[in-house]
Structures are given as structure tokens and as C-alpha cells.
Amino acid sequence: MAQKTENMMEKDIQEVLFSEEQLQEIVERIGRQISEDYRDKKLLMVSILKGSVVFMADLMRAITIPCRIDFMAVSSYGSGTKTSGVVKIIKDLDIPLEGYDLLLVEDILDSGMTLSYIMEILQSRGPRSIRICTLFDKPERRQAEVDATYVGTQVPDAFIVGYGLDYDEKYRNLPYVGVLKPQVYGG
Ligand code: IMP
Ligand code: MG
């Protein structure tokens, strides 16, 4: 087999928190749980762009019941590492929500500002139910009152990248999740 080329983003990573294998285990566990819980429901998975795309792509294939997918994009962070508190819809859903059991798929639940705002908007469109599924949770950073039904794992209050998570739109394509070296963002 051909040798893997060196990953050029590796030098910016202080510490690997979750390997590809660990992430896969987490995803499979959540996928099994969702497949059970939504067996008699009309599941619509909504990926919050862009951070959740990698998680979404793996999670939907770990789900063994029929489901539909849609995408929504909001802005909350700009290029910094702290929330701005400003949340704006950039891309809305295509599917009308009546009768669906919505599952919002997020990469990481931090202050909760983004999801609490999205929940409010989507609730008003009359879905049968709404729940949140997040790969990572930073509970001690919560400002808004939101809770995820499905949580991959809690993470410490460090800025992490990879597996969809970015810093300034970079590092999303790292196959594992790591802590970014503070000097990369001037911390
Ligand atoms: P919240 O509104 O503060 O909960 O922001 C959630 C969003 O902030 C996530 O969807 C991420 O895009 C971003 N975010 C929060 N923490 C991190 C992190 O450690 N690394 C990368 N993105 C993060
Ligand atoms: Mg995001």
C-alpha cells in the first residue's frame, strides 16, 4: 500500500483529543440509539453547516432506519474563537417541517446561543418534535438554555479543530480532533 503523505496541518495541533477510531465508536453508539428512538417516527436530520458535515455524513450512515436530511447555515462566529452573539440565517431549510421529527445535528454545543436561536425559529414551523444531537459539548460555557438529547462526549474548554470543526475555515478536513496551538490564533 502507498505510504500516507505527511499531514501539513499536524504542526498546528498541540494534542490529539479523539482519534479517527474513537470518533467512529462515538458515532456508531449514537447512531444505534437514534435508530432505536426514531423507529416509529418520521426522522428529518438537519445538519447545521458547516461544522457538522463530517459528523452528519458518518452519523447518517450509522442510522439504520429511513431518514431524510436537510441543511441550514447560520453565522455566529466570524473568524474568531469567541461567540459574537449575532446569529443570522444564511441558508434556510428546503423541506417544510410539519409532521417531521427533527433532529438538529451540531458539531459542538458551546454557549448554546446558535442552537437556542435555531430551535426557536424551527419550533414555530410546527414540526412534531425537535431534539438536538451534538458530537461535542462544552457544558461549562453555556449561556443559553439548551440541552442536547444525544451527546457524543463532553470536551474541556479548549479550542478544538478537525472532523468538521474549524479555525478561520481551516482544519475541517483533519480526520481526528485536536487542540489547536494557542499561538495559531494569537492566544
Ligand atoms: P455556540 O452558539 O456558542 O454554542 O456556538 C457553537 C458553534 O461555535 C459551533 O457550531 C462551532 O462552529 C463553534 N465552536 C465553538 N467551540 C468551538 C471549538 O472549540 N472549535 C471550533 N468551533 C467551535
Ligand atoms: Mg458550527
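All ligand and atom numbering here is 1-based and tracks the order in the structure. This is a predicted model, so every value here is computed, not measured.
- Set against the non-hydrogen atoms of D110, the atoms of ligand 1 under 4.0 Å away are 1 (P), 3 (O), 4 (O), 5 (O), 15 (C), 16 (N).
- Side-chain atoms of Q24 and E20 form no donor-acceptor pair, as typed in the model, at a separation below 3.5 Å.
- Remark: ligand 1 atoms within the under-4.0 Å shell around heavy atoms of M113 are 2 (O).
- Considering D147, L115, V151 as possible partners of L109, the one that fulfils the side chain to side chain contact (heavy atoms under 4.5 Å, CB included) test is L115.
- Contact annotation: V146 has no heavy atom less than 4.0 Å from any atom of ligand 1.
- The shortest separation from a heavy atom of G112 to ligand 1 is under 4.0 Å, placing the residue in contact.
- Under 4.0 angstrom from ligand 1, the non-hydrogen atoms of K138 all belong to its side chain.
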Residue pair R39, E36: steps toward the salt bridge (charged side-chain N to carboxylate O under 4.0 Å, His left out) verdict: CA-CA 5 Å; R39 192 180 295 271; E36 251 171 58; 5.5 Å; no

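- Under 4.0 Å from ligand 1, not a single heavy atom of I48 appears.
- Clustering ILVMFWY residues whenever any of their side-chain heavy atoms sit less than 4.5 angstrom apart, transitively, puts L135 in the very cluster that holds I69.
- Only the side chain of L165 comes within 4.0 Å of ligand 1, counting heavy atoms alone; its backbone N, CA, C and O stay farther away.
- With S52 contributing its side chain and F55 its backbone, the two residues share no donor-acceptor pair below 3.5 Å.
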D137 vs R142, salt bridge (charged side-chain N to carboxylate O under 4.0 Å, His left out): CA-CA, chis, key distance, verdict: CA-CA 9 Å; D137 190 10; R142 202 75 86 252; 2.8 Å; yes

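- For a threshold of 3.5 Å applied to N or O pairs, the pair formed by F159 and ligand 1 contains no separation below that value.
- Counting heavy atoms under 4.0 Å from ligand 1, residue A158 touches it through the backbone alone.
- Below 4.0 Å from some heavy atom of I108 lie the following atoms of ligand 1, by number and element: 6 (C), 9 (C), 10 (O), 11 (C), 14 (N), 15 (C), 16 (N), 17 (C), 23 (C).
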Verdict with reasoning, V161 to V184, per side-chain contact (heavy atoms from CB on, under 4.5 Å): CA-CA 12 Å; V161 294; V184 175; over 6 Å; no

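- Under the 3.5 Å distance criterion, with hydrogens and angles disregarded, a donor-acceptor pair is assigned to the side chains of D12 and Y171.
- The side chain of E106, and not its backbone, has at least one atom closer than 4.0 Å to an atom of ligand 1 (non-hydrogen atoms only; side chain from C-beta on).
- The closest approach between a heavy atom of I160 and any atom of ligand 1 is below 4.0 Å.
- Heavy atoms of D107 found under 4.0 angstrom from ligand 1 belong exclusively to the side chain.
- Ring centers of F18 and Y163: at least 6.0 Å apart, outside the cut-off.
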